[in-house]
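Excluded from the calculations below are hydrogen atoms, water molecules and symmetry mates; all remaining heavy atoms, backbone and side chain alike, are included. Order of the sequence lines sets the chain letters (A, B, ...), proteins ahead of strands, with each chain counted from 1.
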There are 2 protein chains.
Amino acid sequence: MAGKKVLIVYAHQEPKSFNGSLKKVAVEELSKQGCTVTVSDLYSMNFEPRATRNDITGAPSNPDVFSYGIETHEAYKKKALTSDIFEEQRKVQEADLVIFQFPLYWFSVPAILKGWMDRVLCRGFAFDIPGFYDSGFLKGKLALLSLTTGGTAEMYTKDGVSGDFRYFLWPLQHGTLHFCGFKVLAPQISFGLDVSSEEERKVMLASWAQRLKSIWKEEPIHCTPPWYFQE
Amino acid sequence: MAGKKVLIVYAHQEPKSFNGSLKKVAVEELSKQGCTVTVSDLYSMNFEPRATRNDITGAPSNPDVFSYGIETHEAYKKKALTSDIFEEQRKVQEADLVIFQFPLYWFSVPAILKGWMDRVLCRGFAFDIPGFYDSGFLKGKLALLSLTTGGTAEMYTKDGVSGDFRYFLWPLQHGTLHFCGFKVLAPQISFGLDVSSEEERKVMLASWAQRLKSIWKEEPIHCTPPWYFQE
């Protein structure tokens with residue numbers, strides 16, 4: 001939709017990968033709609049995943065015992081976080097929709113993207129206590145996980161060997177995105193890359209492009225326990 | 001138990017933290033039993049969390065399109081993974097029990113520990129296809145997640161605002177540890193650090209030490225869907 005701003009947080013090492021193609025399709029389709037699209041290409045940026053005292057500039061508030069949560073909260077308020085974190089927070093703040101594009105690593109995001117979440121979504125910026133879940137500071141924004149799996153869709157069903165895909169999405173969709181106040185759109189899962197043909201991949205790409213055409217009309221999913229698991 | 005080998009993968013920045021104390025208690029108690037205890041202190045090691053082509057030495061098998069999974073599988077077989085990965089694999093291989101000690105970050109492990117999982121538990125070493133879940137290559141070993149949370153135990157119940165704690169443990173206990181063949185012992189969760197008193201922390205430390213005295217007699221939990229969620 002013209003005028004909307006989208007941030008794509010992208011975590012794949014290889015531009016020629018299927019994840020790279022999914023990212024490219026999203027940039028093209030959303031730009032065509034008149035959206036402003038920004039991409040954080042984490043591997044190209046060599047994004048730092050480790051949460052350490054290097055994330056704050058200046059003296060820590062407690063020089064004796066380092067608590068990452070306390071120190072980054074203080075640093076956020078004093079504008080004393082490092083510039084790479086600040087820059088990502090600026091992109092999130094401007095975005096109407098944040099799309100995360102990644103291959104599933106161990107039922108979750110790759111460490112480089114986990115580090116983006118650990119470091120960028122800090123207390124004071126993304127939430128406070130109180131000030132989380134429906135009151136999270138990023139309320140009013142949309143988020144969407146677009147991921148690829150090696151395993152097939154059948155493996156990720158309730159009685160499949162890996163369980164319902166919503167089980168592994170719980171820490172991300174509820175514990176992270178909903179916690180920060182995002183409204184979460186249904187995930188875009190490109191299943192079974194280990195066994196898919198070129199033709200099947202083309203279909204998956206086309207279906208992602210097609211979905212994006214009407215993405216702004218979608219209703220968010222419900223992320224609240226215990227409802228989430230009973231659907 | 002005398003003669004047993006334990007690896008503690010530890011992910012906290014501050015030795016004086018409660019996580020540091022939990023780690024120390026485990027080293028002391030297990031050493032007292034006659035176990036050989038090794039600690040991988042990830043922040044002290046400045047452990048690399050990013051999964052990149054730097055993880056393989058020598059030429060990639062496909063110089064045109066980089067697939068992390070394919071290249072690290074090949075490199076494992078050729079003994080061409082970087083030495084930091086190889087060293088961690090050696091520690092895992094020798095261990096009877098692997099304990100992960102960490103603070104919960106976004107319903108999951110901190111990125112530095114996620115990177116340990118992404119990079120160390122590679123195909124060929126920890127699993128193959130086929131050769132996962134009950135046939136994972138680390139079968140015969142035990143694993144245990146020992147974690148701290150800011151939120152209280154009440155928040156992590158089925159009807160609590162953050163849902164049953166087993167929901168967020170799913171990707172770790174089933175999707176990662178069980179996938180690699182580990183038998184998973186019940187998690188040790190030290191809840192509510194944001195609101196706990198010194199006295200309550202002492203009780204939590206003592207209860208961890210007490211549990212470790214009979215840890216070798218414990219039966220593993222069930223990690224299979226859909227049973228896991230229906231208990």
Among A/T224, A/D159, A/N46, A/L172, single out the residue with the greatest number of heavy-atom pairs under 4.5 Å to chain B.
-> A/N46
Does the pair A/F125 and A/Q93 meet the rule for a side-chain contact (heavy atoms from CB on, under 4.5 Å), with working shown?
-> CA-CA 9 Å; A/F125 170 67; A/Q93 199 58 69; 3.2 Å; yes
side-chain contact (heavy atoms from CB on, under 4.5 Å) involving B/K139 - partner list, sequence neighbours excluded | none
Which atoms of B/F66 come close to chain A, meaning under 4.5 Å heavy atom to heavy atom: side chain ones, backbone ones, both, or neither?
-> both
In terms of side-chain heavy atoms, does A/S162 have a donor or acceptor partner in B/Y133 at a distance below 3.5 Å?
-> yes
Measure A/H178 against the heavy atoms of chain B and call it side chain, backbone, both or neither at under 4.5 Å.
-> neither
Under a 4.5 Å heavy-atom cut-off, does chain B meet the side chain of A/F47, its backbone, both or neither?
-> backbone
Under 6.0 Å from the six-membered ring centre of B/F18 and within 45° of its axis: does the NZ or CZ of B/R201 meet both?
-> yes
Taking a cut-off of under 4.5 angstrom between non-hydrogen atoms, the residues of residues 103-124 of chain A near chain B are A/Y105, A/W106, A/F107, A/S108, A/V109, A/P110, A/A111, A/I112, A/K114, A/G115, A/M117, A/D118, A/L121
Considering residues, nucleotides and ligands other than A/I129, do more than 12 of their heavy atoms fall under 6.0 Å from its CD1?
-> yes
Under a 4.5 Å cut-off applied to non-hydrogen side-chain atoms, are B/F86 and B/Y76 in contact?
-> no
Side chains of B/T72 and B/D55, donor plus acceptor under 3.5 Å = no
Report the option among A/P171, A/C180, A/A11, A/G20 that has the most heavy-atom pairs separated by less than 4.5 Å from atoms of chain B.
-> A/P171
Heavy atoms of other groups near B/K183 NZ, more than 12 under 6.0 Å | no
Short N-O contact, B/K202 and B/E198, less than 4.0 angstrom | no
Taking B/G160, B/G150, B/P49 one by one, which has the highest count of heavy-atom pairs under 4.5 Å against chain A?
-> B/P49
Pick from A/G163, A/S17, A/A51, A/P15: which one has the most heavy-atom pairs with chain B under 4.5 Å?
-> A/A51
